[in-house]
Structures are given as C-alpha cells and as structure tokens.
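Structure, as structure tokens:
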Amino acid sequence: MNHSKSILISSGDVLDNFDHHFRVIAGPGAGKTYWLTNHVKNVVKHSSRLNPVSKVACITYTNIAAEQVLNNLGECVDKVEVSTIHSFFYKNIIKPYASHLYDELGNQLIAVEKIDGHEEHNPSFKKIESWIGEYNPDLKFLIYQENGKKISSALSHLTWEVESSGKCFLDVPKEYRLPKKLKKSYFDYKKLYWQEGRIHHEDVLYFSYRILCENPILLIFLSAKFPYIFLDEFQDTNPIQTMIVKMLAKSGSTIGVIGDPAQSIYSFQGAKREDFLDFYIQDIAYYEIQDNRRSTSKIIRLLNHMRKKGPVQQDCIRNEEGECVRVIIYQKIDDVFDNLTPESDFCVLTLKNSFVTKLKSTSQDNCLEIWDKFKNLDYNRQIFYYHLSVAIAYARQHRYENALNEFLHVFRPNHDGELREPLKGQIPSPLLSRSIAISVLEHVLDLEPFNLSLYRVNESLFSFLSDNGNKYGIFLKKIAKGNFKKFSESVLFSNLVSGVKLGEDLGYIRTIHKAKGAEFKTVFVYLHDESHLNCVLNPDLENEDDLHRIFYVAFSRAMDNLFILTPSLSPENWESLKGLNLEIEIYESIEAEHEYIPKINNRVNRSLLDFF
Ligand SMILES: Nc1ncnc2c1ncn2[C@@H]1O[C@H](COP(=O)(O)OP(=O)(O)OP(=O)(O)O)[C@@H](O)[C@H]1O
C-alpha cells in the first residue's frame, strides 16, 4: 500500500473531477458516509454522463445505512439506487438473469420461477439427510444427534472462496472439520436449495459473478445503467465482490470505494481487508481524511493509541477534551446498568450474540424462557404471536415495511394449503393480505399493548377480526379455558416483544458487528473476559484475527462517554492501564466511586428494561 500517493481531504470537500475512480481511507467518525452522500449529490447535479434511465449506485453495508443515506439525498433521491451489495446484485443481476445459469449437465441451476429473494442459510435436517444419503450413504450414521448438529453448524458457515484462476468453490472455515469426502459435494448440497428457488445470502455474489463472467454483454448493460458505482465500508469487501467491481470498472463504470482498514471485522464471512488496502484500478485517485468529528479528545487519544502502528492518526474536530474513558470492574453487571444507564442515546456493545441474550435477560424478565413455554403450550399460536411481536418491534423503530413483511408470514398456507391456526378462514389474496396486515398492526399499536396481557391482546384481536369478518374473511380462535389461558393472562405483551430477535437488531444491547456505522453519546463495551483488555494494552489492528479491530470499532462508536466493563483486573493490568499515559479512570465498583455518576446522567431510576 502506498500512502504517499493519498491526497488529504475533509468530509466537507467536494471533488471537482468526479469522473475518475477513487478510494477514500479514513478512520472512524471521519465523515466518510457524510462525504459519500454529498459526493453522490454532487455527481447527480453536475454529471453529463447521467441520462434519464441511468442512476448512481450507492452501496452500503446494511439496510439501516441505506435508509440513512436515502434520507439525506434530498431531491437527488430518484437518480440514486441505494442498497446493500446483496440487494443490488439480486435486483440487477440475479432476478433478471438467473435463467442463464446451468449446471454441468446443461440443466437450469436454479428454479427461477420459484425465486423469491435470498435468505439466511439455516441447514435443514431433511436436506442434509437427502444430500448425504445420495452422495455419501456410508456416512449416513453421522447425521444423527451430536454429529448431526456439528454438520449442520459447519454447513451454516459454508462460504464461497476464489482460486487465483478466478474459479469459485465452496468451503467451511478450518475450525469446522468435516470428513473430506463431504467437501467434494458441497455444491450438490446447495443445489437442493436452488432447485426449490431458494438462494442463500452467500450465493448472491457467486451467482452474480458467474452470470457476468458467462455473459459479458451484461457488464456493458450494467455500466450503462450505473455509470457511477460507489461502495461504503469497502474494508469488508469479499474477493468475489472485488472482482465484480473491477469488471464493472473495465466496462465503463466509475468506481469509488470508501472505508477504514482498521474497522474490517467480517473476515469470518470471507472479507479481505487487503482487497481494500491494495485496491487498484488504472488512474485511481487515493484520498485520506484524518479528522474525527464524532468523539471527544480523550476518546480519540485511546483510538489513536490503538492505531499507532498503521496510517491515519486522527485529529479531534470537536475540540472538546471530554470525560475520561472509564474502566469499570463489575461484580454484578445489573448494578452497573442500574447506576450508569443514561437517559437516552446509549448502547451496550458485546462481542457475541449470546452475551446480548444474557445481558438482556439479566435486565428483563426472562423473556426467552417465556417464548419457550409459549411454544410448549400452543405451538401454532406461538408462531402467530412471534410474527406479530417481531412486527410490533419493527413498528416501534418506525421500520414499517419490515413490520408489514414480517406480519404477512401469518397468511402463508400450511402443508394442506390452509390458513394456519389460530387464524381461520380463506387464505386472503396478496393485496387483501397486505390490507389486513396493515389494519391489524394499526389496531394492535392503537391498543398500546405493552402493559396488556397476551390474553387481553388476543381478546381484542378476536373482536377486531370478527367485526371485520365480512370484509376480511378471516377469524382468530378464542383462548379457551386451561393452562394456556392461565399462561396468557400472566404474560405481558411487552415481555413477548422484548424476547424477539430482529434481523438487524437495533436494541440498546447489540453485538459490536451490529453497531457498525452507528454512533451514540454513551457507549458501554462489555468485556466478558479480562484478557480482552489486551486490545488496549497491546493493540494490534493489523492482525489477521479481527478481535482487536472489533473492539476498536466498539470504542469508536462513542461520542462523549466510553465505559469499558471488565469482570476483573489483575494488579499488572491495572498498572499497565495507568501507565499508558491515556486518560483512563478505573473503578473497582460503582458504589465505591459513585461521585462521578451525576456527571453522566444525574443518576436515573430507569433500568435498561425501559428502553426495549
Ligand atoms: N463536514 C461535516 N460537517 C458536519 N458534520 C459532519 C461532517 N462530516 C461528518 N459529520 C458528522 O460526523 C459524524 C460522523 O460522520 P460519519 O458517520 O459520516 O463518519 P464515518 O467516517 O462514516 O464513521 P464510521 O466509519 O465510524 O462509521 C456524523 O454525526 C456526521 O453527521
């Protein structure tokens, strides 16, 4: 990587010449997304290469980021296609051209007439059974019990790799060892899904790449439709994505990639930060932004310390010293939250999803157990209420389209082609389904259901659907006497909503990966193990392993207050932290040192529960 070639810019700068390829490197809070949004507007307003049917493609890493960019595009919005890379390739390559893909026998690879989006790969037992049964019958004994779980877990991590020749193949990460014989037929395993029109997220890049390689004329079409293609968070690009982007550059699109190598945290999904660092297309211009507009000086000093080996030491644009970074040794995590939770705009970040679940359940009634109990008592009704609860959780975040799509699941027919219980009646048409879903969701939200029992919500829905019986043609089963009635009277609807998992969870306790691109006034970084303090004591952001970069991303989400919560602190680590010449304050327990609490939040009586 040659940084001497980089030109320093600021996030407020506008490029005069936007018809060349570029790469922007900048640290957290530098204004990359801010700059990109303005750059897109500038291109839309002034480019002579855009015509009535062409658009700027602006690729973001998550749907949430796409929504944020869209909201800031103003009047340019119609000339820009903002989406994630998967949605972009699905819409522009796979959906229209999947019929061009054939297997080695010349048969169509995917049942195109059945394709309906792309989904997470959750291996099904039936597929594993028929795959091993057909291709490795001698290994059939492996699919049961613990071995079966291992196979399923390994397959859920199947990713596409690329050979230097450009040929793609499927593999699972090294830690998931499977018998070598199985490796030869991963493709056949995947075919079982494709033949049902089911495409997994990871297949989207592979199919797009194959379609474009086998039909190069489509590259010309795509470049004509998208003369400009800009990609945010490119440090997490996947090699197949990089190859496609370079092919599109050759066919005429102007490519811009933006990112921060120190924030590359998706190697487990095949991301290669070197692809960003070494990104080269002829006549590419390299830019760098050295500002940090998000955080206070004290937080930025910690970030610069972690980043000292690599490029980009950041300057604090806010010019505020701010509060010290605080390391808190917790005994009971609940105490920390009870005492430190600020009024608003905070987030607790954890390394793993299981910690999110654990932390949520320490601060809530055990909502997950409630769902388990629900399932055992009335399986079908549990499925109905799960979809409803997820939909309501989305609606609370004003993500109404997600809410609607979630609730529409309840109108899907069962194996006998009938409406699933507890609904009764005719399967509504797609249009009527949408209309019923909107009315039901509005009705439930109007009920202000969070302090109501599940029983009361069900009664109200029962009456609502009965009153509209002529219009909708569907009804809800009443809750009869018995154990389930008792359960439904004892469970608050709010507990059900708190226990659901959203696709892109925007709760106040999230994994660090889900906080990518976000910022909060106060950030708590929860370490479940003291050894993770090593990312502060001996930072190594260039390491092959993502771990130190993951914590760097976590710390860099904080605008004003950063708390690092550790379960223990050895005397050596205590001394080392103190000796770092960083303004870090250490608290052995919050009760002992509570005088600083009012500075943060005027000690509030709210617990995290109030924020779900
Ligand atoms: N030129 C600017 N003027 C005013 N505010 C700005 C400017 N540039 C960025 N900001 C603000 O600074 C904050 C950080 O910007 P942004 O989220 O774009 O940074 P980023 O580089 O994408 O961060 P990260 O990589 O950490 O996600 C945001 O609140 C943004 O609105």
Side-chain angles (χ1 to χ4, degrees), residues 62-67 70 83-84 86-87 90-91 115-122 197-201 353 356-357 360 367-368 370-372 374-375 378-414 419-423 425 427-450 452 454 457-458 460-461 464-465 468 472 474 476-477 491-511 514 612:
T62 60
N63 288 319
I64 313 279
E67 277 170 35
L70 270 173
S83 64
T84 62
H86 288 85
S87 307
Y90 178 78
K91 179 178 168 200
I115 295 182
D116 182 18
H118 44 99
E119 60 186 43
E120 196 168 321
H121 178 190
N122 292 315
R198 291 170 65 185
I199 298 176
H200 300 135
H201 299 316
N353 235 330
V356 175
T357 314
K360 277 188 175 178
C367 304
L368 300 174
I370 293 176
W371 277 111
D372 275 349
F374 196 162
K375 192 165 157 188
D378 190 332
Y379 182 72
N380 285 329
R381 209 183 284 270
Q382 185 264 160
I383 292 178
F384 175 84
Y385 272 100
Y386 195 82
H387 289 307
L388 179 62
S389 304
V390 171
I392 295 297
Y394 276 129
R396 288 180 93 188
Q397 295 173 357
H398 308 289
R399 295 161 73 190
Y400 299 112
E401 200 52 40
N402 293 54
L404 196 55
N405 286 336
E406 181 66 37
F407 193 62
L408 284 172
H409 281 92
V410 305
F411 302 122
R412 290 195 180 165
N414 64 17
L419 210 52
R420 284 167 197 266
E421 286 201 1
L423 292 177
I427 305 253
S429 68
L431 204 61
L432 185 57
S433 298
R434 246 182 118 76
S435 151
I436 303 174
I438 292 171
S439 312
V440 167
L441 292 180
E442 274 178 357
H443 175 77
V444 175
L445 287 168
D446 285 349
L447 266 181
E448 298 192 357
F450 296 102
L452 299 183
L454 168 62
V457 172
N458 196 80
S460 174
L461 262 182
F464 177 75
L465 289 175
N468 288 287
Y472 298 151
I474 62 166
L476 185 71
K477 259 176 71 182
V491 167
L492 281 181
F493 191 70
S494 58
N495 288 139
L496 294 181
V497 176
S498 301
V500 298
K501 191 170 163 246
L502 301 188
E504 285 177 14
D505 200 338
L506 288 185
Y508 290 89
I509 304 180
R510 305 184 194 179
T511 60
K514 296 241 170 79
F612 293 114

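In this text the structure is predicted, and so the values were computed from the model without any measurement.
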**Message:** Less than 4.5 Å apart, side chain to side chain, heavy atoms only: is that true for L492 and L452?
**Reply:** no

**Asked** Under the side chain to side chain contact (heavy atoms under 4.5 Å, CB included) test, which residues partner N458, sequence neighbours left out?
**Response** R381, Y385, L476, I479

**Request:** Have a look at F374 and tell me which of L454, V491, I383 forms a side chain to side chain contact (heavy atoms under 4.5 Å, CB included) with it.
**Result:** L454

**Prompt:** Any sub-3.5 Å donor-acceptor pair from Y90's side-chain atoms to H118's backbone N or O?
**Reply:** no

**Request:** Any pair with a residue in residues 402-412 that passes salt bridge (charged side-chain N to carboxylate O under 4.0 Å, His left out), sequence neighbours left out, goes on the list, sorted by first then second residue, please.
**Result:** none

**Asked** Taking the side chain as C-beta and beyond, is there a heavy-atom pair between L441 and L388 under 4.5 Å?
**Response** yes

**Asked** To the nearest 0.5 Å, what is the distance between NE2 (H200) and CG (N122)?
**Response** 7.5 Å

**Prompt:** Who are the side-chain hydrogen bond (donor to acceptor under 3.5 Å, both in side chains) partners of H121, not counting sequence neighbours?
**Reply:** Y189, E202

**Asked** Between atom CZ of F407 and atom OH of Y394, what is the distance when rounded to the nearest 0.5 Å?
**Response** 15.0 Å

**Separation of Y472 OH from S433 OG (nearest 0.5 Å)** = 11.5 Å

**Item:** By salt bridge (charged side-chain N to carboxylate O under 4.0 Å, His left out) - contacts of E401 (at least two apart)
**Value:** R434

**Message:** According to side chain to side chain contact (heavy atoms under 4.5 Å, CB included), who are the partners of E421, at least two apart in sequence or on a separate chain?
**Reply:** N380, K477

**Minimum side-chain heavy-atom gap L465-L423 below 4.5 Å** = yes

**Prompt:** Ignoring hydrogens and geometry, is there a side-chain-to-backbone donor-acceptor pair from S439 to S435 under 3.5 Å?
**Reply:** yes

**Request:** Taking side chain to side chain contact (heavy atoms under 4.5 Å, CB included) as the test, write out the residues that go with N353, two or more places apart.
**Result:** V356, K501, T511, K514

**Message:** Evaluate H443 against F464 for ring-ring contact (aromatic ring centres under 6.0 Å, His included), listing each step before the verdict.
**Reply:** CA-CA 8 Å; H443 175 77; F464 177 75; 4.3 Å; yes

**Request:** Check whether any side-chain heavy atom of S87 lies under 4.5 Å from a side-chain heavy atom of T84, and answer yes or no.
**Result:** yes

**Message:** If you define the side chain from C-beta out and look only at heavy atoms, does anything of I436 sit under 4.5 Å from F411?
**Reply:** yes

**Prompt:** How many angstroms lie between CZ in F493 and CG in L447, if you round to the nearest 0.5 Å?
**Reply:** 9.0 Å

**Fill in**
CD1 of I427 to CD1 of I474, rounded to nearest 0.5 Å, is 10.0 Å

**Request:** For A403 and A395, work out which heavy atoms get closest and say how close.
**Result:** CB-N, 3.9 Å

**Asked** Which pair of heavy atoms, one from A66 and one from S83, lies closest together, and at what distance?
**Response** CB-CA, 4.2 Å

**Message:** A side-chain contact here means heavy atoms from C-beta on lying under 4.5 Å apart; do E119 and R198 qualify?
**Reply:** yes

**Message:** With a 4.5 Å cut-off on side-chain heavy atoms, are Q382 and W371 touching?
**Reply:** yes

**Complete:** Only residue of V457, L496, V444 satisfying side chain to side chain contact (heavy atoms under 4.5 Å, CB included) with S389 is L496

**Complete:** Interatomic distance, CG@L445 vs CD@E442, rounded to 0.5 Å, equals 8.0 Å

